[in-house]
Every structure is written in structure tokens, then in C-alpha cells.
Amino acid sequence: HLVESGGGLVQAGGSLRLSCEASGFAFDDYAIGWFRQVPGQEREGVSFMGNLDGRIYYADSVKGRFTISRGKLKNTETVYLQMNSLKPEDTAVYYCAATYYGVGYSLPFTRGQYEHWGQGTQVTVSS
């Protein structure tokens, strides 16, 4: 079970922090991915983290501006996406997703590799 929060309206150059609260599965054995989707476009991967080994990946479009991390929110395992220097083109619905990630696995980057999804949270960046 994944629940996103933290979306909203922000001006260009501003920051937001998204949260993805995870429950109901062995969190340490999973990879968590953040994706985003604009209506009429494909859902694209933004950032990914393997909880087992801490491996992290960022899409080129967000590298240097977004940071993925994990922690606990209200005693629930949570993955955060800190988004700085936001641009209007970052406007989208942001989804977190989870998939099993075991020893020796390659960090998954594509939508089809993730089985569990949250409901999404809207991020709007005004110019």
C-alpha cells in the first residue's frame, strides 16, 4: 500500500517535498520509484532507489534538482522526493511505485517493472 502526499502549487524556482508512505510489504526488499505523468503523455520515471543497497538513479531532467531519500513518517516507512528549483515543465501528477528488489537485481527504471502504485499527487509549477 502506497500513499503519496506533499503536492501543491508553487512558483518557478520554489521547492516541494513529496512523501510516499509504504505499508503492507517488506520495505527493505523493495525498490521505490517516483514517476510523473502529464495528461496525454507517457508516464516517465523521475527517480529510483533500491532499499536493499541504497542505489539511486535520477532522470537527466531532474538531476541536481531532485533528491530521493527514505525515512519514517508517523512510524511508517516513507520515501521522500525533495524537489528544488522547480520549473513549469515539472508540472505533472507524481506517483510512487514499488517492486521487489533482491540481491543482485538491477535497479528498475521503467513503468512496466513496478507492480504497486500509489494514487498520485498533483504538482503544479507556475511561471
Side-chain angles (χ1 to χ4, degrees):
H1 189 56
L2 301 170
V3 179
E4 302 98 333
S5 62
L9 173 65
V10 64
Q11 287 189 328
S15 299
L16 283 174
R17 188 175 78 159
L18 305 183
S19 300
C20 174
E21 295 178 67
S23 60
F25 59 92
F27 188 73
D28 287 344
D29 294 335
Y30 277 70
I32 303 294
W34 283 99
F35 293 78
R36 64 187 181 187
Q37 189 168 22
V38 175
Q41 297 185 17
E42 291 290 318
R43 191 170 297 187
E44 66 165 341
V46 174
S47 183
F48 308 92
M49 182 171 67
N51 288 334
L52 184 67
D53 55 14
R55 192 174 298 177
I56 289 174
Y57 171 85
Y58 297 100
D60 287 342
S61 57
V62 306
K63 203 172 291 183
R65 300 188 297 121
F66 290 13
T67 303
I68 191 171
S69 64
R70 64 178 285 185
K72 284 198 173 182
L73 182 65
K74 296 177 287 185
N75 211 33
T76 300
E77 296 284 1
T78 302
V79 174
Y80 300 99
L81 186 68
Q82 177 67 42
M83 306 186 295
N84 298 328
S85 303
L86 282 161
K87 305 175 181 179
E89 51 264 44
D90 294 319
T91 295
V93 178
Y94 283 70
Y95 299 89
C96 67
T99 189
Y100 181 75
Y101 179 70
V103 175
Y105 278 42
S106 297
L107 189 61
F109 299 155
T110 64
R111 177 182 182 177
Q113 294 174 292
Y114 284 80
E115 301 97 27
H116 310 287
W117 291 84
Q119 81 289 350
T121 185
Q122 176 71 46
V123 171
T124 303
V125 184
S126 63
S127 57

A.B. asks: Got a second to check how far R17's CZ is from S69's OG, nearest 0.5 Å?
C.D. replies: 7.0 Å

A.B. asks: Working note: L86 + F66, criterion side chain to side chain contact (heavy atoms under 4.5 Å, CB included); need CA distance, chi angles, decisive distance, verdict.
C.D. replies: CA-CA 9 Å; L86 282 161; F66 290 13; 3.9 Å; yes

A.B. asks: Nearest 0.5 angstrom please: Q122 CD to T91 OG1, how far?
C.D. replies: 7.5 Å

A.B. asks: Measuring from E21:CD to T78:OG1, what's the distance to the nearest 0.5 Å?
C.D. replies: 5.0 Å

A.B. asks: F27, L73: one ILVMFWY side-chain cluster at the under-4.5 Å cut-off?
C.D. replies: no

A.B. asks: Flag yes if more than 12 heavy atoms outside Q11 fall under 6.0 Å of its CD atom; otherwise flag no.
C.D. replies: no

A.B. asks: Using the rule given for side chain to side chain contact (heavy atoms under 4.5 Å, CB included), can you reason through S47 versus L81, listing the C-alpha separation, both sets of side-chain angles and the distance that settles it, and then say yes or no?
C.D. replies: CA-CA 8 Å; S47 183; L81 186 68; 4.1 Å; yes

A.B. asks: Taking the side chain as every heavy atom from C-beta outward, state whether Y101 and L107 have any atom pair closer than 4.5 Å.
C.D. replies: yes

A.B. asks: Can you name the closest pair of heavy atoms from W34 and C20 and give their distance?
C.D. replies: CZ2-CB, 3.5 Å

A.B. asks: Would you check if there is a donor-acceptor pair between the side chains of T99 and E115 at a distance under 3.5 Å?
C.D. replies: yes

A.B. asks: If we ignore hydrogens and angles and just use 3.5 Å, is the side chain of R65 paired with the main-chain N or O of S85 as donor and acceptor?
C.D. replies: yes

A.B. asks: Between Y80 and T67, does a side chain to side chain contact (heavy atoms under 4.5 Å, CB included) hold up when you go through it step by step?
C.D. replies: CA-CA 8 Å; Y80 300 99; T67 303; over 6 Å; no

A.B. asks: If hydrophobic clusters are built by linking Ile, Leu, Val, Met, Phe, Trp and Tyr wherever their side-chain heavy atoms come under 4.5 Å apart, do I32 and Y105 end up in the same one?
C.D. replies: yes

A.B. asks: Going by the salt bridge (charged side-chain N to carboxylate O under 4.0 Å, His left out) test, which pairs reach into residues 37-52, not counting sequence neighbours?
C.D. replies: R36-E44

A.B. asks: Under 3.5 Å, is there a donor-acceptor pair between the side chain of E4 and the main chain of Q119?
C.D. replies: yes

A.B. asks: Between P88 and A12, which heavy-atom pair has the shortest distance, and what is it?
C.D. replies: CD-CB, 4.1 Å

A.B. asks: Give the minimum heavy-atom separation between G7 and T121, together with the two atoms involved.
C.D. replies: N-OG1, 3.2 Å

A.B. asks: Using the rule that Ile, Leu, Val, Met, Phe, Trp and Tyr join whenever any side-chain heavy atoms are under 4.5 Å apart, tell me whether V38 and V62 fall into a single cluster.
C.D. replies: no

A.B. asks: Measure up the Y30 and Y100 rings against each other and bin them: parallel (under 30°), tilted (30 to 60°), perpendicular (over 60°).
C.D. replies: perpendicular

A.B. asks: With the side chain counted from C-beta on, respond yes when E89 and V125 share a heavy-atom pair under 4.5 Å apart, and no when they do not.
C.D. replies: no

A.B. asks: For the CG atom of D29 and the CG atom of L52, what is their distance to the nearest 0.5 Å?
C.D. replies: 6.5 Å

A.B. asks: Of all the heavy-atom pairs spanning V93 and G120, show the shortest one and how long it is.
C.D. replies: CG1-CA, 3.9 Å

A.B. asks: Hey, are K87 and D90 close enough for a salt bridge, meaning a charged N less than 4.0 Å from a carboxylate O?
C.D. replies: no

A.B. asks: State, with a plain yes or no, whether a side-chain heavy atom of I68 is found less than 4.5 Å away from one of Y57.
C.D. replies: no

A.B. asks: Do Y95 and Q37 touch side chain to side chain, with heavy atoms closer than 4.5 Å?
C.D. replies: yes

A.B. asks: Any chain of hydrophobic side-chain contacts (each under 4.5 Å) joining Y58 to Y94?
C.D. replies: yes

A.B. asks: Mind checking salt bridge (charged side-chain N to carboxylate O under 4.0 Å, His left out) for R70 and listing every partner two or more places apart, or none if nothing turns up?
C.D. replies: D28, E77

A.B. asks: Working to the nearest 0.5 angstrom, can you tell me the gap between F109 CZ and Y114 OH?
C.D. replies: 8.0 Å

A.B. asks: Restricting to non-hydrogen atoms, name the atom on A98 and the atom on F25 that form the minimum distance, rounded to 0.1 Å.
C.D. replies: CB-CZ, 4.0 Å

A.B. asks: So M83 and L18, side chain to side chain contact (heavy atoms under 4.5 Å, CB included) or not? Walk me through it.
C.D. replies: CA-CA 8 Å; M83 306 186 295; L18 305 183; 3.7 Å; yes

A.B. asks: Could you give the distance from CZ (R111) to CZ (F35), rounded to the nearest 0.5 Å?
C.D. replies: 8.5 Å

